[in-house]
Amino acid sequence: MPELPEVETVRRGLHRFVVGRHVQRVEVGRERTVRRTSRQQLIDGLTGTTIIGANRRGKYLLLPLDSGDEVMIHLRMSGQVLIADAGAVRPPHTHVVAHLAPGVGYGAQELWFVDPRTFGEVVVFDPTNVAVEIPDLARLGIDPIADDLSLAVLRRLLRARHRLLKPLLLDQHVIAGIGNIYADEILHEARLRPDRMSDELGPAGERRLHDAIHRILPAAVSAGGSTLGDAQYVDLFGAGGSYQDAHRVYGRTGERCITCGVGWIRRTVSAQRSTHFCPRCQR
DNA sequence: AAACAAACCTGTGCGC
DNA sequence: TGCGCACAGGTTTGTT
């Protein structure tokens with residue numbers, strides 16, 4: 001569910017409300033959530049530390065601790081990070097609880113990791129050993145918001161490969177953070193079909209793709225991300241985003257294209273993911 | 001090298 | 001009302 005704009009929204013919440021807080025106690029319910037290491041390793045690595053930062057790389061949340069370790073949180077399909085008053089009733093599928101000490105101006109609170117489908121994970125790791133402890137994080141591609149994805153760099157990424165655009169945009173080892181919703185929205189904005197080949201776009205197509213990435217993602221971040229009907233994605237306080245109202249193709253199969261007013265939105269499957277585009281706007 | 005298929009889980013919505 | 005199936009914001013692993 002959450003892609004770069006949603007994860008970035010959570011990161012900003014953590015930066016504002018959790019950085020500087022001391023972790024007094026940690027509970028782990030479902031062991032699957034901490035499967036990269038173990039229940040005990042998460043408890044031992046987090047208890048008694050202070051969270052000193054809130055960073056993001058692609059869809060990975062990274063919280064540096066005063067111990068020198070970092071917490072990595074990946075929400076995958078259904079993960080949520082929520083903040084609540086100490087003792088509040090927890091929702092079903094709350095797998096990790098970090099008890100945050102009270103401070104000046106606020107009381108004791110709890111940070112919850114909630115995840116019905118249990119694809120998500122939480123782990124404490126040693127960032128100097130990331131290549132061994134979290135190989136996929138170490139091999140992540142360029143982040144279009146946190147890093148500088150220039151037109152020249154994007155051109156090189158596109159031309160060095162012979163790939164369909166949709167699977168390429170979803171490939172976290174190339175560009176980190178774009179998921180199924182934003183891949184479709186970016187390709188529509190760029191007026192490129194999802195089945196175009198990356199090395200056959202031409203300078204104009206490459207430029208449109210570059211522009212689209214840098215228009216869609218920041219706009220979605222500003223809107224607090226996309227929250228669909230099931231409200232699975234919410235921010236730290238349980239509030240949804242509003243970018244779903246700006247979707248032009250995602251979830252609009254069979255509807256008239258908002259952009260051209262002539263085409264009809266088609267749904268195909270690419271990279272095993274539903275793919276939406278306007279055959280008239282996108283070529 | 002790159003696309004495809006299955007797997008990991010739970011919940012929801014829809015047709016019958 | 002209930003059942004069964006399709007589908008869901010992601011990623012990994014193994015196969016063509």
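Sequence lines set the chain letters: A, B, ... in the order given, protein chains first and strands last, and positions in each chain run from 1.
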To the nearest angstrom, how far is [X] atom [atom1] from [N] atom [atom2]?
X: A:D171; N: B:dA1; atom1: CG; atom2: C1'; result: 12 Å
X: A:K59; N: C:dT11; atom1: NZ; atom2: P; result: 4 Å
X: A:I178; N: C:dG10; atom1: CD1; atom2: P; result: 11 Å
X: A:Q80; N: C:dG10; atom1: CD; atom2: P; result: 15 Å
X: A:L165; N: B:dA2; atom1: CG; atom2: P; result: 13 Å
X: A:N180; N: C:dG10; atom1: CG; atom2: P; result: 6 Å
X: A:L140; N: C:dG10; atom1: CG; atom2: P; result: 14 Å

Quiz item: With side chains defined as the heavy atoms from C-beta onward, is the minimum distance between A:R163 and A:V174 less than 4.5 Å?
Solution: yes
Self-check item: A:I186 and A:L192, any side-chain heavy atoms less than 4.5 Å apart
Solution: no
Phosphate OP1/OP2 of [N] contacted by [X] side-chain N/O (<4.0 Å):
X: A:H162; N: B:dA1; result: no
X: A:R36; N: C:dT11; result: no
X: A:Q172; N: C:dT11; result: yes

Quiz item: Got a donor-acceptor contact below 3.5 angstrom from the A:R39 side chain to the A:Q41 backbone?
Solution: no
Self-check item: Of A:R159, A:H162, A:R161, the residue whose pairing with A:D199 passes side-chain hydrogen bond (donor to acceptor under 3.5 Å, both in side chains)
Solution: A:H162
Scan side-chain atoms only and decide if [X] and [Y] contain a donor-acceptor pair under the 3.5 Å cut-off.
X: A:H188; Y: A:T259; value: yes
X: A:H95; Y: A:D115; value: no
X: A:R21; Y: A:Q109; value: yes
X: A:D126; Y: A:T128; value: yes

Exercise. For the pair A:Y243 and A:Y182, name the ring-plane relationship: parallel under 30°, tilted 30 to 60°, perpendicular over 60°.
Key: tilted
Polar atoms only, N or O, under 3.5 Å: list the protein pairs with nucleotides 13-16 of chain C and their distances.
none

Quiz item: Which value, in whole Å, describes the distance between the P atoms of nucleotides B:dT10 and C:dT1?
Solution: 26 Å
Quiz item: Looking only at atom P, what distance separates C:dC3 and B:dC9, rounded to whole Å?
Solution: 24 Å
Self-check item: Sole residue of A:L154, A:L168, A:D143 in side-chain contact (heavy atoms from CB on, under 4.5 Å) with A:I175
Solution: A:L154
Quiz item: When all nucleic acid strands are considered with a 4.0 Å heavy-atom cut-off, which category describes A:Y250: base, sugar-phosphate, or nothing?
Solution: sugar-phosphate
Quiz item: Which part of the nucleic acid, if any, lies within reach of A:R273 when heavy atoms closer than 4.0 Å are counted: base, sugar-phosphate only, or nothing?
Solution: base
Exercise. Identify the nucleotide, in any strand shown, that forms a Watson-Crick or G-U wobble pair with B:dC14, with both distances under 3.5 Å; if there is none, say none.
Key: C:dG4
Self-check item: Complement of C:dT15, any strand, by Watson-Crick or G-U distances under 3.5 angstrom
Solution: B:dA3
Quiz item: What string of B, S and - do you get for nucleotides 4-14 of chain B, 5' to 3', when a contact is any protein heavy atom under 4.0 Å?
Solution: SBB-BBBS---
Quiz item: The side chain of A:H173 lies closest to which of these nucleotides: B:dA2, C:dT12, C:dG10?
Solution: C:dT12
Quiz item: In terms of the nearest nucleotide of DNA chain C, which residue is placed more toward the 5' end: A:S274 or A:Y60?
Solution: A:S274
